[in-house]
8 protein chains.
Amino acid sequence: MGSDSDLTIMKPAADILQFFGVEYELTVVSAHRTPERMFDYAKTAKDRGLKVIIAGAGGAAHLPGMVASLTSLPVLGVPVKSTNSIDGWDSVLSILQMPNGVPVGTVALNASKNAGILAAKILSIANEGLAEKIKAYMEDLKKEVHEKADHLRIGGYPNSFDK
Amino acid sequence: MGSDSDLTIMKPAADILQFFGVEYELTVVSAHRTPERMFDYAKTAKDRGLKVIIAGAGGAAHLPGMVASLTSLPVLGVPVKSTNSIDGWDSVLSILQMPNGVPVGTVALNASKNAGILAAKILSIANEGLAEKIKAYMEDLKKEVHEKADHLRIGGYPNSFDK
Amino acid sequence: MGSDSDLTIMKPAADILQFFGVEYELTVVSAHRTPERMFDYAKTAKDRGLKVIIAGAGGAAHLPGMVASLTSLPVLGVPVKSTNSIDGWDSVLSILQMPNGVPVGTVALNASKNAGILAAKILSIANEGLAEKIKAYMEDLKKEVHEKADHLRIGGYPNSFDK
Amino acid sequence: MGSDSDLTIMKPAADILQFFGVEYELTVVSAHRTPERMFDYAKTAKDRGLKVIIAGAGGAAHLPGMVASLTSLPVLGVPVKSTNSIDGWDSVLSILQMPNGVPVGTVALNASKNAGILAAKILSIANEGLAEKIKAYMEDLKKEVHEKADHLRIGGYPNSFDK
Amino acid sequence: MGSDSDLTIMKPAADILQFFGVEYELTVVSAHRTPERMFDYAKTAKDRGLKVIIAGAGGAAHLPGMVASLTSLPVLGVPVKSTNSIDGWDSVLSILQMPNGVPVGTVALNASKNAGILAAKILSIANEGLAEKIKAYMEDLKKEVHEKADHLRIGGYPNSFDK
Amino acid sequence: MGSDSDLTIMKPAADILQFFGVEYELTVVSAHRTPERMFDYAKTAKDRGLKVIIAGAGGAAHLPGMVASLTSLPVLGVPVKSTNSIDGWDSVLSILQMPNGVPVGTVALNASKNAGILAAKILSIANEGLAEKIKAYMEDLKKEVHEKADHLRIGGYPNSFDK
Amino acid sequence: MGSDSDLTIMKPAADILQFFGVEYELTVVSAHRTPERMFDYAKTAKDRGLKVIIAGAGGAAHLPGMVASLTSLPVLGVPVKSTNSIDGWDSVLSILQMPNGVPVGTVALNASKNAGILAAKILSIANEGLAEKIKAYMEDLKKEVHEKADHLRIGGYPNSFDK
Amino acid sequence: MGSDSDLTIMKPAADILQFFGVEYELTVVSAHRTPERMFDYAKTAKDRGLKVIIAGAGGAAHLPGMVASLTSLPVLGVPVKSTNSIDGWDSVLSILQMPNGVPVGTVALNASKNAGILAAKILSIANEGLAEKIKAYMEDLKKEVHEKADHLRIGGYPNSFDK
């Protein structure tokens with residue numbers, strides 16, 4: 001992440017990876033305040049064994065795109081809505097609109113959890129156990145909705161869907 | 001892709017995968033006109049051996065997100081700027097802003113080529129040969145810029161960077 | 001509705017239908033977490049006797065459009081402004097901008113009450129009693145304004161409209 | 001429609017209604033240039049036998065909302081992207097964002113065809129023959145996609161979905 | 001104003017007119033809930049002696065434009081940022097973007113005070129006493145800034161502007 | 001107007017004033033290139049007999065607001081969509097969003113004709129002959145719509161409004 | 001700054017200049033309420049020894065651009081998000097989108113601190129001591145990130161970057 | 001500039017510097033395709049004698065901000081509206097919205113000429129001859145407007161400003 005002030009927003013990525021049993025590291029790399037650190041981080045990432053990089057940043061968010069320009073690893077970007085953001089449009093557009101040749105897979109505003117899940121989905125291509133965990137997770141999401149629908153009995157329509 | 005009218009926009013994804021020697025299929029699956037086909041496509045994708053799905057659509061673009069809800073494979077989304085689009089915002093937002101649990105890795109507006117490259121980067125995690133090809137591709141992008149800079153000698157600044 | 005967290009926003013649709021004496025059911029169907037449930041819901045809707053479907057969702061809101069693709073019943077969409085929404089634009093555009101062939105009648109941001117009224121107006125085409133109730137409701141809106149105007153006597157303009 | 005210059009945009013609504021065998025009238029009613037005509041039109045609509053009103057307008061598009069305030073009939077709005085429109089946002093927002101009590105079912109920018117289909121879906125609630133036609137129409141949309149997918153054989157993926 | 005809930009926003013228009021000694025009336029006229037009242041209001045305005053009409057409304061704000069279509073008096077519009085507004089864009093665009101032939105002079109979001117001042121400026125064309133009051137008011141604005149600048153002595157720049 | 005390149009956009013204001021028999025002058029005053037000229041223009045305007053000022057400008061359009069700060073005359077602003085404009089938003093917002101105390105009555109993007117009509121409406125307050133001309137003009141707009149509706153006989157609805 | 005209500009937003013510019021040991025003055029100059037003062041301020045600025053002008057304003061923010069039209073000194077603009085701003089877009093666009101010939105160097109929304117740093121960078125061109133201070137400041141930013149990264153040890157990845 | 005395809009947009013910066021007699025170099029440095037080159041360029045800039053850097057880029061435009069993070073020289077940014085840009089918002093926001101500590105002075109969309117003028121203004125702080133040239137240039141802009149106003153005699157207002 002580009003700043004430790006983004007920790008609250010970026011933590012769910014770590015949590016969901018933990019949940020899936022995926023090893024990860026979480027650190028601060030600022031494209032603008034520590035450009036050399038960013039270079040080193042991105043350039044050594046593959047050799048240090050990383051497989052996917054999740055980069056989150058706000059405002060004129062250059063971290064995801066710059067990291068993507070420095071590694072052959074896939075990079076996922078999390079637009080963070082920072083203070084003085086123009087409604088999040090700045091981070092969304094400066095992460096999403098990468099030029100041809102240097103892609104970033106962008107997730108929704110502040111959606112670090114989804115970046116974690118997408119990273120897990122990517123890793124599951126070569127890891128059937130992880131794929132099973134993801135399927136189970138998706139089943140759990142499903143169950144939660146069904147349970148909520150069961151508890152929510154409003155309307156009393158005679159031919160209701162959830163009777 | 002959601003419509004055969006998106007073929008011009010989506011073809012570069014196929015071309016770059018071809019260039020990297022990655023097997024792919026390219027077909028039309030419409031979330032809104034063929035919802036059952038979309039279900040079947042997404043549900044059988046993993047068993048048919050697919051590893052990454054690239055889904056491109058315009059307007060209220062539901063294809064990428066719906067496919068993502070039906071498979072544990074990673075899904076990349078390409079927002080297509082269709083006729084009567086509101087400047088592309090509609091497809092960008094309806095692909096990007098997925099709820100927690102069901103991520104789509106979104107690339108830039110009309111940037112199917114980048115979706116192809118990101119798919120290749122994802123596949124290269126478990127394929128060192130492909131990783132080398134991607135590195136070489138990135139080196140080629142670099143060389144092109146250097147060559148252009150060599151040809152572009154404007155200003156005659158005495159202590160120029162490219163002398 | 002796409003999530004039980006949308007209940008506060010969607011409840012007014014139920015309330016106004018209740019007020020008009022229109023039978024309804026209110027449940028949770030998530031396009032992304034329960035795609036099969038959504039399929040079943042939409043496909044059985046007509047046979048279960050439903051006549052109009054109101055679907056509300058936030059963010060990349062695919063529920064209204066997907067339901068519309070699976071039934072010949074008219075579908076009304078309520079864009080919900082969810083947490084981390086980009087000012088509501090995401091849900092508005094992903095519900096409104098449906099491709100030709102699969103319409104959704106979209107109401108204002110968070111305006112589930114209006115979706116309920118529009119559903120009632122639709123049902124009143126073949127139900128004169130309901131049409132009368134709607135007319136009475138519209139008259140009541142009118143009266144409220146007249147009463148407020150009566151109480152609001154600011155300015156003391158000699159030739160005032162409400163004297 | 002609010003102006004005869006919108007005819008090209010609004011004609012597809014008439015065409016699809018014709019296709020479905022639904023009687024309709026198509027005329028010009030301007031909220032701003034002919035407010036009295038608009039009043040008369042909306043107030044007599046139900047008695048003249050109309051069941052659904054489709055109103056299309058551009059810019060500060062007041063026609064759909066004003067008509068909705070004058071009748072208990074359901075009103076569908078078509079935002080038209082007129083010359084000097086601010087990218088269509090003006091007509092979209094001035095049709096969509098109606099206050100509680102007076103709903104307009106809004107379709108996509110310039111999507112009069114969808115307004116026609118939605119009107120047909122509304123009328124089909126009490127007209128099973130029309131419902132069948134709509135189902136058949138939706139099936140035709142489906143077939144078209146399947147045929148296009150059949151013709152589009154790109155990629156030669158060995159385990160292709162459409163083999 | 002379109003709703004008594006806009007009173008807090010619209011009151012400053014009345015206050016500044018009072019300050020300038022301009023007679024006014026302030027009432028509620030809803031384009032959507034009381035269309036007939038709006039018609040009567042606008043049609044009788046000139047004969048009742050009104051010279052300028054200020055109309056404020058939020059969301060799909062049709063009041064200013066509709067009033068302008070019904071009178072030869074100049075109409076000023078105040079876009080009100082209402083609950084569930086899409087950041088005020090809806091009221092701004094549905095008041096501002098009037099078609100040729102039916103102008104509304106729009107002021108800033110929520111800026112009813114400015115509408116009052118503009119009305120006074122308009123009336124001052126034929127009222128030199130009022131023109132003098134407006135000039136005095138503008139001088140007072142000037143003095144306030146000069147006084148604030150006098151009190152604000154930050155920086156201690158040796159050759160300061162306000163020494 | 002702020003630049004002679006805006007002449008095409010601003011000319012309709014002159015034409016409609018000519019049509020109404022209102023004397024006017026049309027000249028170029030640039031806030032940014034000729035600030036002193038702008039000062040002189042605005043400061044002498046009232047003494048030269050001007051009654052309303054219409055100022056049109058594009059991009060960061062400061063002319064209308066600056067002129068309004070220098071005169072007690074009412075100022076109307078025309079946002080011009082210039083080359084490299086960001087869809088017209090820049091001129092709209094920099095003319096519309098004036099601070100309290102210094103109003104500009106803004107018309108639609110490029111709508112100089114409406115600025116001319118609004119100026120005429122303002123002048124008609126003290127000029128009954130002009131008020132009659134404006135009413136006649138509004139009647140003509142009405143007739144045009146009626147004539148168009150007469151010629152447009154599509155649908156053949158048996159109980160048509162315009163039979 | 002255009003208003004003393006912007007003091008909280010603009011103060012950081014003063015503070016960072018103080019930190020760098022750069023002399024400055026901070027005062028209120030309103031383009032709209034005190035146009036003559038603005039003229040005098042801008043016209044005398046160079047002779048009073050000023051080298052860079054930072055102008056911050058909100059809404060239809062004309063101060064930076066008008067000052068830039070009146071001096072050969074470089075002008076930096078700070079868009080302030082004021083009350084009733086349309087999400088800051090108004091001040092951003094009315095400062096940024098200056099026509100050719102009269103540039104303003106715009107910084108991020110509310111980012112007066114960055115305007116101060118940019119002013120210092122500009123002054124450091126001819127002041128090596130200041131250049132050194134800026135370099136040291138940039139090094140401090142770097143160190144802060146490194147320290148935060150040191151304290152943030154989340155994930156326990158075996159081959160972590162910061163071990 | 002970030003790409004040689006931006007040459008048409010960026011050339012006016014070079015031309016105006018040439019006009020002012022300011023030495024410059026113009027080259028291609030891509031943040032995403034040649035990150036190392038960008039590092040070298042920015043890090044050697046000051047020692048090579050550069051005093052101001054103008055960086056232009058489109059889409060997710062990271063070049064200006066990244067260069068600013070690597071040098072104590074002032075950096076001016078030119079947002080370029082590239083193909084598939086979302087109306088220029090992407091480049092504007094990803095250049096403008098820099099975090100505190102690393103400013104970029106942003107000019108209008110595609111306004112490289114203004115970046116050149118601003119650079120000249122910056123250099124003129126320590127170069128009175130250049131300051132005189134800039135004043136003369138600003139006088140010429142003024143003269144052009146006056147000449148145009150002289151030629152544009154529309155309206156024949158008896159008491160015209162330019163008589």
Side-chain angles (χ1 to χ4, degrees), chain F residues 1-8 10-18 22-54 57-61 63 67 81-91 94 116, chain H residues 6 8-10 12-13 56 58 61 78-82 85-97 106-115 117-118 121 134-163:
Chain F
M1 59 192 169
S3 163
D4 69 321
S5 64
D6 300 341
L7 185 57
T8 320
M10 293 304 293
K11 192 66 178 7
D15 294 344
I16 195 76
L17 288 172
Q18 188 88 38
V22 175
E23 280 185 329
Y24 67 92
E25 67 177 338
L26 173 67
T27 189
V28 183
V29 176
S30 167
H32 298 125
R33 287 174 293 158
T34 61
E36 291 87 356
R37 177 176 165 83
M38 178 188 71
F39 254 60
D40 291 345
Y41 188 90
K43 292 230 157 191
T44 64
K46 193 166 151 62
D47 288 345
R48 286 190 301 108
L50 296 187
K51 292 181 174 167
V52 182
I53 297 176
I54 296 173
L63 183 65
V67 168
K81 187 172 178 178
S82 53
T83 320
N84 289 326
S85 170
I86 302 185
D87 297 315
W89 292 116
D90 38 17
S91 43
S94 53
Chain H
D6 300 341
T8 318
I9 297 298
M10 294 304 293
V78 182
V80 175
K81 187 171 176 177
S82 53
S85 169
I86 302 186
D87 297 314
W89 293 116
D90 39 17
S91 43
V92 164
L93 291 175
S94 54
I95 292 177
L96 184 77
Q97 287 291 94
T106 311
V107 296
L109 192 62
N110 285 349
S112 75
K113 186 178 185 177
N114 262 0
I117 296 172
L118 185 52
K121 281 187 156 192
I134 292 168
K135 275 182 208 164
Y137 172 77
M138 292 173 79
E139 283 303 314
D140 283 348
L141 291 178
K142 205 169 285 188
K143 270 182 213 153
E144 273 177 51
V145 174
H146 282 274
E147 277 163 26
K148 277 166 182 168
D150 273 352
H151 284 98
L152 188 82
R153 297 231 171 256
I154 299 175
Y157 183 68
N159 201 12
S160 169
F161 185 67
D162 295 298
K163 65 198 158 178

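In this text the structure is predicted, and so the values were computed from the model without any measurement. These values consider heavy atoms only, across backbone and side chains, with no hydrogens, waters or symmetry-generated copies. All chains are named by letter (A, B, ...) in the order of the sequence lines, taking the proteins before the strands, and each is independently numbered beginning at 1.
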Task: Residue F/L50 versus chain H: region with a heavy atom under 4.5 Å - done: both
Task: Minimum heavy-atom distance between F/R48 and H/S160, given as atom pair plus value - done: NH1-C, 3.6 Å
Open item on the list: Can you list everything that forms a side chain to side chain donor-acceptor pair (under 3.5 Å) with F/D4? Sequence neighbours excluded, please.
Closed with: H/K148
Open item on the list: For H/L152 versus F/M1, what's the shortest heavy-atom pair and its separation?
Closed with: CD2-CE, 3.3 Å
Open item on the list: For F/K46, I'd like to know if atom NZ has over 12 heavy atoms of other residues, nucleotides or ligands within 6.0 Å.
Closed with: yes
Task: Part of F/D87 lying under 4.5 Å from any heavy atom of chain H - done: side chain
Task: Contact class of F/D47 relative to chain H, heavy atoms under 4.5 angstrom - done: backbone
Open item on the list: What's the separation between atom CG in H/N110 and atom CD1 in F/I86, rounded to the nearest 0.5 Å?
Closed with: 9.5 Å
Open item on the list: When you compare the side chain of H/F161 with that of F/D40, does any pair of heavy atoms fall below 4.5 Å?
Closed with: yes
Task: Proximity breakdown for F/D90 and chain H, heavy-atom pairs closer than 4.5 Å - done: neither
Task: Residues that F/T27 engages under side chain to side chain donor-acceptor pair (under 3.5 Å), provided they are two or more places apart - done: F/R37, H/D162
Open item on the list: Is F/T44 in contact with chain H via its backbone, its side chain, both, or neither, using a 4.5 Å heavy-atom distance?
Closed with: side chain
- [ ] May I ask you to name which of H/H146, H/K143, H/M138, H/E139 has the most heavy-atom pairs under 4.5 Å with chain F?
- [x] H/H146
